[in-house]
Amino acid sequence: AANLTTGTANIVIGFGALDAADGGEGFNVAIGNTAMGAVDEGSNNSDDNVAIGSDALLGGTGQVQHNVVIGASAMNSTGSNAQTGTVAIGSSALTALTSGASNTAIGYQSMTTLTTGDNNTALGYNALYTDDTGNESTAIGRLCMYNQASDADEDTGNTGVGSSAGYYNVTGTNNTY
(Lines give C-alpha, C1' and ligand atoms only; values in the text may rest on other atoms or scores of the structure.)
Protein backbone atom coordinates (compact mmCIF):
# COMPACT_ATOMS: atom_id res chain seq x y z
CA ALA A 1 0.00 0.00 0.00
CA ALA A 2 2.96 2.26 -0.60
CA ASN A 3 0.99 4.54 -2.93
CA LEU A 4 -2.35 4.59 -1.09
CA THR A 5 -3.26 8.20 -0.38
CA THR A 6 -6.94 8.39 0.54
CA GLY A 7 -7.97 4.80 1.26
CA THR A 8 -9.97 3.96 4.35
CA ALA A 9 -9.76 1.08 6.87
CA ASN A 10 -7.54 -1.26 4.85
CA ILE A 11 -5.50 -4.00 6.53
CA VAL A 12 -2.34 -4.75 4.56
CA ILE A 13 0.37 -7.23 5.58
CA GLY A 14 3.03 -8.55 3.20
CA PHE A 15 5.58 -7.39 0.68
CA GLY A 16 3.84 -5.76 -2.29
CA ALA A 17 0.35 -6.31 -0.88
CA LEU A 18 -2.21 -3.77 -2.21
CA ASP A 19 0.83 -2.04 -3.68
CA ALA A 20 -0.71 -0.45 -6.81
CA ALA A 21 -3.60 1.07 -4.85
CA ASP A 22 -3.32 4.83 -5.06
CA GLY A 23 -6.77 6.23 -4.46
CA GLY A 24 -9.84 5.56 -2.41
CA GLU A 25 -9.61 1.80 -2.05
CA GLY A 26 -11.18 0.92 1.26
CA PHE A 27 -12.21 -1.76 3.71
CA ASN A 28 -9.93 -4.39 2.13
CA VAL A 29 -7.90 -7.08 3.87
CA ALA A 30 -4.77 -8.03 1.91
CA ILE A 31 -2.44 -10.47 3.63
CA GLY A 32 0.45 -12.16 1.83
CA ASN A 33 3.18 -11.45 -0.67
CA THR A 34 1.57 -9.31 -3.42
CA ALA A 35 -2.00 -10.09 -2.26
CA MET A 36 -4.16 -7.60 -4.21
CA GLY A 37 -0.82 -6.25 -5.41
CA ALA A 38 -2.04 -4.89 -8.76
CA VAL A 39 -5.45 -3.61 -7.62
CA ASP A 40 -5.81 0.04 -8.60
CA GLU A 41 -9.38 1.24 -8.54
CA GLY A 42 -8.78 4.33 -10.67
CA SER A 43 -12.33 5.48 -11.44
CA ASN A 44 -13.74 2.12 -10.29
CA ASN A 45 -14.48 0.95 -6.78
CA SER A 46 -12.22 -1.68 -5.30
CA ASP A 47 -13.57 -2.10 -1.82
CA ASP A 48 -14.68 -4.69 0.75
CA ASN A 49 -12.41 -7.56 -0.39
CA VAL A 50 -10.56 -10.21 1.58
CA ALA A 51 -7.43 -11.62 -0.06
CA ILE A 52 -5.15 -13.92 1.91
CA GLY A 53 -2.21 -15.73 0.32
CA SER A 54 0.68 -15.06 -2.00
CA ASP A 55 -0.66 -13.51 -5.24
CA ALA A 56 -4.28 -13.88 -4.05
CA LEU A 57 -6.66 -11.61 -6.00
CA LEU A 58 -3.72 -9.99 -7.74
CA GLY A 59 -6.18 -7.76 -9.62
CA GLY A 60 -5.52 -4.80 -11.89
CA THR A 61 -7.46 -1.75 -12.98
CA GLY A 62 -10.87 -3.46 -13.05
CA GLN A 63 -13.38 -2.99 -10.26
CA VAL A 64 -13.08 -5.65 -7.56
CA GLN A 65 -15.68 -5.59 -4.81
CA HIS A 66 -17.00 -7.95 -2.15
CA ASN A 67 -14.72 -10.86 -3.12
CA VAL A 68 -13.32 -13.47 -0.74
CA VAL A 69 -10.07 -15.04 -1.94
CA ILE A 70 -7.96 -17.29 0.25
CA GLY A 71 -5.05 -19.34 -1.07
CA ALA A 72 -1.81 -18.91 -2.96
CA SER A 73 -2.43 -17.81 -6.57
CA ALA A 74 -6.21 -17.95 -6.11
CA MET A 75 -8.06 -15.67 -8.52
CA ASN A 76 -4.86 -13.98 -9.68
CA SER A 77 -5.68 -13.36 -13.38
CA THR A 78 -8.53 -10.83 -13.27
CA GLY A 79 -6.37 -7.98 -14.61
CA SER A 80 -8.56 -5.15 -15.89
CA ASN A 81 -11.77 -7.19 -15.59
CA ALA A 82 -14.37 -6.44 -12.93
CA GLN A 83 -15.17 -8.99 -10.24
CA THR A 84 -17.96 -8.67 -7.68
CA GLY A 85 -18.94 -11.24 -5.08
CA THR A 86 -16.70 -14.05 -6.30
CA VAL A 87 -15.41 -16.62 -3.80
CA ALA A 88 -12.17 -18.56 -4.36
CA ILE A 89 -10.81 -20.59 -1.46
CA GLY A 90 -7.89 -22.95 -2.01
CA SER A 91 -4.51 -22.78 -3.64
CA SER A 92 -4.95 -21.95 -7.36
CA ALA A 93 -8.76 -21.84 -7.09
CA LEU A 94 -10.12 -19.80 -10.02
CA THR A 95 -6.52 -18.93 -10.91
CA ALA A 96 -7.29 -18.31 -14.63
CA LEU A 97 -10.49 -16.32 -14.07
CA THR A 98 -10.62 -13.15 -16.14
CA SER A 99 -14.18 -11.91 -16.66
CA GLY A 100 -16.37 -14.77 -15.42
CA ALA A 101 -18.86 -13.66 -12.77
CA SER A 102 -20.73 -15.05 -9.76
CA ASN A 103 -18.52 -18.12 -9.35
CA THR A 104 -17.72 -19.96 -6.13
CA ALA A 105 -14.71 -22.30 -6.01
CA ILE A 106 -13.64 -24.01 -2.82
CA GLY A 107 -10.83 -26.57 -2.87
CA TYR A 108 -7.31 -27.00 -4.16
CA GLN A 109 -7.31 -26.13 -7.89
CA SER A 110 -11.10 -26.06 -8.10
CA MET A 111 -12.23 -24.35 -11.33
CA THR A 112 -8.56 -23.60 -11.97
CA THR A 113 -8.93 -23.15 -15.76
CA LEU A 114 -12.22 -21.20 -15.80
CA THR A 115 -11.73 -17.87 -17.57
CA THR A 116 -15.11 -16.44 -18.61
CA GLY A 117 -17.76 -18.82 -17.26
CA ASP A 118 -20.53 -17.51 -15.02
CA ASN A 119 -22.64 -18.79 -12.12
CA ASN A 120 -20.67 -21.96 -11.38
CA THR A 121 -20.07 -23.64 -8.04
CA ALA A 122 -17.26 -26.11 -7.38
CA LEU A 123 -16.51 -27.65 -4.01
CA GLY A 124 -13.67 -30.16 -3.75
CA TYR A 125 -10.15 -30.99 -4.84
CA ASN A 126 -9.88 -30.33 -8.62
CA ALA A 127 -13.67 -29.98 -8.94
CA LEU A 128 -14.76 -28.60 -12.35
CA TYR A 129 -11.07 -28.39 -13.19
CA THR A 130 -10.97 -28.34 -17.02
CA ASP A 131 -13.94 -26.16 -18.03
CA ASP A 132 -12.83 -22.70 -19.11
CA THR A 133 -16.05 -21.07 -20.37
CA GLY A 134 -19.07 -23.01 -19.08
CA ASN A 135 -21.98 -21.52 -17.16
CA GLU A 136 -24.47 -22.71 -14.55
CA SER A 137 -22.69 -25.90 -13.38
CA THR A 138 -22.42 -27.30 -9.86
CA ALA A 139 -19.70 -29.80 -8.93
CA ILE A 140 -19.43 -31.09 -5.37
CA GLY A 141 -16.75 -33.67 -4.62
CA ARG A 142 -13.15 -34.54 -5.37
CA LEU A 143 -12.51 -34.54 -9.15
CA CYS A 144 -16.23 -33.96 -9.75
CA MET A 145 -16.89 -33.09 -13.43
CA TYR A 146 -13.12 -32.82 -13.89
CA ASN A 147 -13.11 -33.12 -17.71
CA GLN A 148 -16.10 -30.92 -18.53
CA ALA A 149 -15.03 -28.56 -21.33
CA SER A 150 -17.97 -26.59 -22.69
CA ASP A 151 -18.04 -24.99 -26.09
CA ALA A 152 -17.72 -21.21 -26.22
CA ASP A 153 -19.43 -19.81 -23.16
CA GLU A 154 -22.50 -22.04 -23.18
CA ASP A 155 -24.91 -22.88 -20.38
CA THR A 156 -23.78 -26.39 -19.51
CA GLY A 157 -26.11 -26.69 -16.54
CA ASN A 158 -24.58 -29.91 -15.24
CA THR A 159 -24.77 -31.00 -11.62
CA GLY A 160 -22.46 -33.56 -10.04
CA VAL A 161 -22.32 -34.74 -6.45
CA GLY A 162 -19.72 -37.19 -5.19
CA SER A 163 -16.12 -38.11 -5.77
CA SER A 164 -15.41 -38.23 -9.53
CA ALA A 165 -19.11 -37.79 -10.40
CA GLY A 166 -19.39 -36.84 -14.07
CA TYR A 167 -15.62 -37.23 -14.42
CA TYR A 168 -15.78 -38.36 -18.09
CA ASN A 169 -18.36 -35.82 -19.26
CA VAL A 170 -16.75 -33.44 -21.74
CA THR A 171 -19.47 -31.54 -23.63
CA GLY A 172 -22.73 -32.93 -22.23
CA THR A 173 -25.30 -30.42 -20.96
CA ASN A 174 -28.06 -30.42 -18.37
CA ASN A 175 -27.00 -33.72 -16.79
CA THR A 176 -27.11 -34.85 -13.18
CA TYR A 177 -24.42 -37.20 -11.89
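Note that the structure is a prediction, hence the values are computed from the model and not measured.
- Side chain of Thr95 to main chain of Thr112: no donor-acceptor pair is present (N/O by atom type, distance under 3.5 Å, no hydrogens or angles).
- In the hydrophobic clustering of this structure, Ile52 groups with Val87; members are Ile, Leu, Val, Met, Phe, Trp, Tyr whose side-chain heavy atoms approach within less than 4.5 Å, directly or through other members.
- Panel note: side chain Thr98, backbone Thr115; a donor-acceptor pair is recorded below 3.5 Å.
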Given side chain to side chain contact (heavy atoms under 4.5 Å, CB included), test Gln109 with Ser91 step by step and report yes or no.
-> CA-CA 6 Å; Gln109 293 184 338; Ser91 182; over 6 Å; no

Stepwise side chain to side chain contact (heavy atoms under 4.5 Å, CB included) check, Ser164 with Leu143: CA-CA 5 Å; Ser164 299; Leu143 301 172; 3.9 Å; yes

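- The main-chain N or O of Ala35 is never found under 3.5 Å from a side-chain atom of Asp55 such that the two would form a donor-acceptor pair.
- Screening Asp48, Asn49, Asn67 against Asn28 for a side chain to side chain donor-acceptor pair (under 3.5 Å) leaves a single residue, Asn49.
- In this structure, Leu97 CG and Asp132 CG are separated by 11.5 Å, a value rounded to the nearest 0.5 Å.
- The shortest side-chain heavy-atom distance between Tyr177 and Val161 does not fall under the 4.5 Å cut-off.
- Cluster membership for Val29 and Val12, using ILVMFWY side-chain heavy atoms within less than 4.5 angstrom, is not shared.
- Using a 4.5 Å heavy-atom threshold, the side chains of Thr104 and Ile106 count as touching.
- Contact between Asp155 and Glu136 at its shortest, heavy atoms only, is OD1-CG, 3.9 Å.
- In the hydrophobic cluster analysis, where Ile, Leu, Val, Met, Phe, Trp and Tyr join through side-chain heavy atoms closer than 4.5 angstrom, Leu94 is grouped apart from Tyr125.
- The shortest heavy-atom contact between Leu128 and Ala122 is CB-CB, 4.0 Å.
- Gln148 and Thr156 share a side-chain donor-acceptor pair at under 3.5 Å.
- Placement of Val64 and Val68 in two distinct hydrophobic clusters is found when ILVMFWY residues are connected by side-chain heavy-atom separations under 4.5 Å, directly or transitively.
- In terms of heavy-atom proximity, Thr78 sits nearest to Gln83 at CG2-CG, 3.6 Å.
- Hydrophobic clustering (ILVMFWY, side-chain heavy atoms < 4.5 Å, transitive): Val50 and Val39 are in distinct clusters.
- With Ser110 contributing its side chain and Gly107 its backbone, the two residues share a donor-acceptor pair below 3.5 Å.
- For Asp47 (side chain) and Gly26 (main-chain N/O), a donor-acceptor pair under 3.5 Å exists by modelled atom type.
- Note that the CD1 atom of Ile11 and the CG atom of Leu18 stand 11.5 Å from one another [nearest 0.5 Å].
- Counting all heavy atoms, side chain and backbone alike, Gly160 lies closest to Met145 at N-SD, 3.8 Å.
- A donor-acceptor pair is defined here as one N or O able to donate and one able to accept, closer than 3.5 Å; such a pair exists between the side chain of Thr113 and the backbone of Tyr129.
- The CE atom of Met111 lies 10.0 Å from the CG atom of Leu123; values are rounded to the nearest 0.5 Å.
- Side chain of Asn103 to main chain of Gly117: a donor-acceptor pair is present (N/O by atom type, distance under 3.5 Å, no hydrogens or angles).
- Nearest heavy atom pair, residue Glu25 against residue Asn10, reads O-ND2, 2.8 Å.
- Of the residues listed (Thr173, Asn120, Asn175, Thr176), the one engaging Asn158 in a side chain to side chain donor-acceptor pair (under 3.5 Å) is Asn175, and it is the only one.
- The closest donor-acceptor contact from the side chain of Asp131 to the backbone of Ser150 lies under 3.5 Å.
- No side-chain donor-acceptor contact under 3.5 Å links Asn119 and Asn135.
- One finds the OG1 atom of Thr34 at 9.0 Å from the CZ atom of Phe15 (value rounded to the nearest 0.5 Å).
- The CG atom of Leu114 lies 11.0 Å from the OG atom of Ser77; values are rounded to the nearest 0.5 Å.
- Smallest separation of non-hydrogen atoms from Ala74 and Gly90: CB-O, 3.6 Å.
- The shortest side-chain heavy-atom distance between Asp22 and Asp40 falls under the 4.5 Å cut-off.
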For residues 56-63, which side-chain N or O atoms pair as donor and acceptor with protein atoms under 3.5 Å away, sequence neighbours left out?
unit_1 : atom_1 : unit_2 : atom_2 : d
Gln63  : NE2    : Gln65  : OE1    : 2.7

